[in-house]
Amino acid sequence: MVKRLSSCYYHHFLKNNSNKSIIDHHLLNPRFIPSFINTFTQLNPPSPSPVAGIGNSSPVPLKRFLANYIWDLQKPSLIHMQNMSGIQYRNYGSVVSTVVQRNPSFSTINDDDIIHFKKILGAKKVIQEDEELQTANTDWMHKYKGSSKLMLLPENTEELSQILKYCNSRCLAVVPQGGNTGLVGGSVPVFDEVIINTRRMNSIISFDETSGVLVCEAGCILENLISFLDKKGFIMPLDLGAKGSCQIGGNVSTNAGGLRLVRYGSLHGTVLGLEAVLANGDVIDMLGTLRKDNTGYDLKHLFIGSEGSLGIITKISILTPPKLSSVNIAFLACQDYVSCQKLLFQAKRRLGEILSAFEFLDAQAMNLVLNHLDSVRNPLPSSVYNFYVLIETTGSEESSDKEKLEAFLLHAMESGLVSDGAIAQDFNQASSFWHIREGVPEALMKAGAVYKYDLSLPVEKMYDLVEEMRIRLGEKANVVGYGHLGDGNLHLNISAPQYDDSLLAQIEPFVYEWTSRHRGSISAEHGLGLMKAEKIFYSKASGTVQLMASIKKLLDPSGILNPYKVIPTSLLS
């Protein structure tokens with residue numbers, strides 16, 4: 001059963017409920033999990049749901065429905081809801097060639113180095129095969145490509161420490177790599193840096209079911225941690241579309257934001273401690289598990305978001321919240337961005353502590369998903385709207401949470417903020433709603449060339465940039481806006497048939513200047529990497545950047561850790 005909202009009616013969809021008992025009422029994660037969905041769909045083939053005016057269903061006035069409707073507890077609630085002297089690289093989403101000079105102080109790999117690494121790791125963990133290196137040298141978006149001839153796979157902190165100690169003594173540059181899902185060129189070599197991949201460091205060290213503190217190694221796949229915690233009755237405070245391949249060490253190193261930040265905050269708040277290896281091989285033990293520790297400088301924060309430029313994170317302790325039994329997801333339509341803003345304000349005010357996600361996408365983003373992803377269905381097919389909002393609530397009192405959500409939706413409809421909407425009624429529907437939002441990046445890639453920007457802006461100004469960019473570019477490109485409205489994070493994407501230097505010249509530096517003028521950040525959650533290292537001054541004062549460079553020089557005097565990233569190279573030479 002799908003619950004539909006419209007400006008006049010609440011359309012009650014009917015469907016076969018014979019297999020609904022299969023749904024696990026304690027499964028919290030409402031994201032799109034292909035393997036589960038495929039199995040569930042085979043067991044529960046979808047049957048057409050009659051729409052109001054077709055078949056035997058009829059519309060019910062929204063006011064009367066919300067006032068009198070009693071939730072049938074027998075039906076499932078939503079619970080889950082190359083050139084060695086210089087390399088030409090492409091800015092992420094661009095074709096402008098920028099020359100970056102290889103640091104001449106860095107050594108190149110020789111046979112003696114290979115022999116030494118095999119002594120440390122064993123031959124199987126020293127990778128020189130072209131096929132595997134080609135993948136490791138290329139970023140997820142296929143925008144950046146290095147020329148590394150060596151990838152190392154340490155299994156523990158001690159092996160990684162020995163690797164860095166040797167590389168530092170030889171002045172061999174290295175690039176830390178996890179799942180390689182980054183979007184700013186931060187996890188692949190620029191030249192011939194040694195790739196240090198942490199995927200073999202993937203053990204869960206401990207979990208305290210009283211405090212909810214998880215301690216694990218950096219190479220743990222995020223989705224594996226989510227599954228582990230689900231069985232324990234807890235959840236990860238971080239959820240990303242790339243959870244099936246990204247690693248927690250990379251998440252922490254980039255201070256990944258994701259879909260739950262509006263509820264649980266950033267990793268600076270949920271990471272209690274970490275262990276990291278410095279450039280010279282020293283192991284820094286900051287792996288505390290205490291909520292409160294006020295002894296001196298809290299150094300772990302230097303490494304959260306440093307993108308591996310100060311040290312390589314090897315272990316993490318993170319506070320995980322208990323899994324709550326009531327999750328609801330609504331997919332809503334709004335006619336204008338002002339309504340989206342007001343809806344956010346009302347959601348924070350009326351839903352309060354149960355609001356766990358507030359995402360938005362515009363009509364252009366919705367069209368891309370519907371046109372390029374075969375598995376997506378429009379929850380609101382009766383009309384075309386300018387904006388769509390996905391709201392998730394998470395709480396512990398099912399009846400109270402539903403009552404609160406219904407009251408919020410009634411108020412939103414009566415005040416004209418919402419034009420149409422649907423509430424997911426089972427795991428399948430919840431996942432399909434989330435797949436629309438999470439499918440936008442994939443749809444953009446399938447549509448052609450894409451210039452991607454990840455920005456933090458005041459909520460009231462976010463969409464102004466999208467509209468100004470449309471005026472600026474005209475018919476040359478399709479300008480798409482979507483993102484985490486709940487925390488002011490806009491994903492500005494400019495889709496074109498092919499990359500074009502003249503188009504890029506109209507986008508940059510305009511997008512950075514506009515963001516700076518409105519006191520925003522040029523990176524909300526993707527990091528700086530190679531793409532934005534030289535553009536950091538749009539968001540940070542020169543004195544601040546100079547201090548960052550001083551910290552980098554202090555912890556990594558030879559500059560071997562992830563060079564050419566995060567900090568402008570001119571400040572480190």
Side-chain angles (χ1 to χ4, degrees), residues 86-101 139 141 143-144 182-186 190 254 305 307 309 364 441 444 448-483 488-546 548-549 564-573:
I87 184 172
Q88 288 194 328
Y89 71 87
R90 288 181 172 181
N91 282 329
Y92 177 57
S94 82
V95 292
V96 165
S97 297
T98 305
V99 175
V100 175
Q101 296 297 323
D139 79 307
M141 289 289 291
K143 299 293 182 180
Y144 301 99
L183 298 174
V184 291
V190 179
T254 57
E307 302 182 54
S309 63
Q364 288 79 356
L444 282 160
V450 57
Y451 302 81
K452 300 180 72 70
Y453 300 91
D454 160 52
L455 311 166
S456 272
L457 289 163
V459 171
E460 67 273 13
K461 295 290 185 181
M462 276 176 56
Y463 208 72
D464 291 351
L465 175 56
V466 180
E467 292 175 334
E468 288 194 33
M469 190 62 76
R470 285 187 181 135
I471 295 172
R472 185 177 179 86
L473 300 182
E475 299 297 322
K476 295 180 181 178
N478 181 22
V479 181
V480 176
Y482 69 100
N489 182 184
L490 171 68
H491 293 308
L492 172 69
N493 288 256
I494 297 159
S495 177
Q498 59 189 14
Y499 292 112
D500 182 89
D501 288 353
S502 63
L503 178 60
L504 180 65
Q506 289 187 273
I507 301 170
E508 295 182 19
F510 174 81
V511 65
Y512 298 123
E513 292 171 345
W514 196 99
T515 301
S516 179
R517 189 164 62 251
H518 291 86
R519 300 189 65 80
S521 171
I522 63 169
S523 176
E525 61 180 2
H526 292 170
L528 294 169
L530 179 62
M531 174 185 176
K532 302 176 186 176
E534 301 296 330
K535 300 175 176 66
I536 190 173
F537 293 104
Y538 284 106
S539 294
K540 291 290 186 291
S542 59
T544 301
V545 181
Q546 289 284 355
M548 293 180 187
Y564 323 106
K565 321 281 179 64
V566 184
I567 305 293
T569 54
S570 60
L571 298 183
L572 299 174
S573 59

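In this chain, residues are counted from 1 in sequence order.
- Using bins of under 30°, 30° to 60° and over 60° for the plane-to-plane angle, the ring pair His491/His526 lands in the parallel bin.
- Of all heavy-atom pairs spanning Ala524 and Asn489, the tightest one is CB-ND2, 3.1 Å.
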For residues 471-479, which side-chain N or O atoms pair as donor and acceptor with protein atoms under 3.5 Å away, sequence neighbours left out?
residue	atom	partner	partner atom	Å
Arg472	NE	Gln506	O	2.4
Arg472	NH2	Gln506	O	3.3
Lys476	NZ	Gln506	OE1	2.7

Step-by-step side-chain contact (heavy atoms from CB on, under 4.5 Å) determination, Leu457 to Trp514: CA-CA 10 Å; Leu457 289 163; Trp514 196 99; 3.9 Å; yes
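- Contact between Gly529 and Glu307 at its shortest, heavy atoms only, is N-OE1, 2.9 Å.
- In this structure, the separation between OG1 on Thr515 and CE on Met462 is 11.0 Å, given to the nearest 0.5 Å.
- Within the 4.5 Å cutoff, side-chain heavy atoms of His518 are placed close to those of Lys461.
- Distance check, rounded to the nearest 0.5 Å: CG of Leu183 to OH of Tyr144 gives 9.5 Å.
- Heavy-atom minimum distance, Leu444 versus Ser495: CD2-CB, 4.1 Å.
- Side-chain contact between Tyr538 and Lys532 is absent, with no heavy-atom pair separated by less than 4.5 Å.
- Within the 4.5 Å cutoff, the side chain of Gln364 has no heavy atoms near those of the Tyr482 side chain.
- When all heavy atoms are compared, the tightest approach of Ile494 to Tyr453 is CD1-CE1, 4.4 Å.
- The two residues Thr569 and Glu534 come nearest to each other via the heavy atoms N-OE2, 3.2 Å.
- Side chains of Gln101 and Tyr564: a donor-acceptor N/O pair is absent below 3.5 angstrom, by distance only.
- Once rounded to the nearest 0.5 Å, the distance linking CG of Leu455 with OG of Ser523 reads 8.5 Å.
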Intermediate values then yes/no, side-chain contact (heavy atoms from CB on, under 4.5 Å), Ile522 and Leu528: CA-CA 8 Å; Ile522 63 169; Leu528 294 169; 4.2 Å; yes
Residue pair Val466, Met469: steps toward the side-chain contact (heavy atoms from CB on, under 4.5 Å) verdict: CA-CA 5 Å; Val466 180; Met469 190 62 76; 5.9 Å; no
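- A distance of 6.5 Å separates CZ in Arg517 from CZ in Phe510, rounded to the nearest 0.5 Å.
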side-chain contact (heavy atoms from CB on, under 4.5 Å) between Thr254 and Glu525, intermediate numbers included: CA-CA 7 Å; Thr254 57; Glu525 61 180 2; over 6 Å; no
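- A heavy-atom distance below 4.5 Å is not found between the side chains of Glu508 and Glu513.
- Listed for the Lys540 side chain is no donor-acceptor partner under 3.5 Å among the backbone atoms of Val545.
- Phe537 places a side-chain heavy atom less than 4.5 Å from the side chain of Pro568.
- Counting only heavy atoms from C-beta outward, the side chains of Val511 and Leu465 approach each other to under 4.5 Å.
- Here the closest non-hydrogen pair linking Leu503 and Ala496 is CD2-CB, 3.8 Å.
- Not counting sequence neighbours, the partners of Glu460 by the side-chain contact (heavy atoms from CB on, under 4.5 Å) test are Gln341, Pro458.
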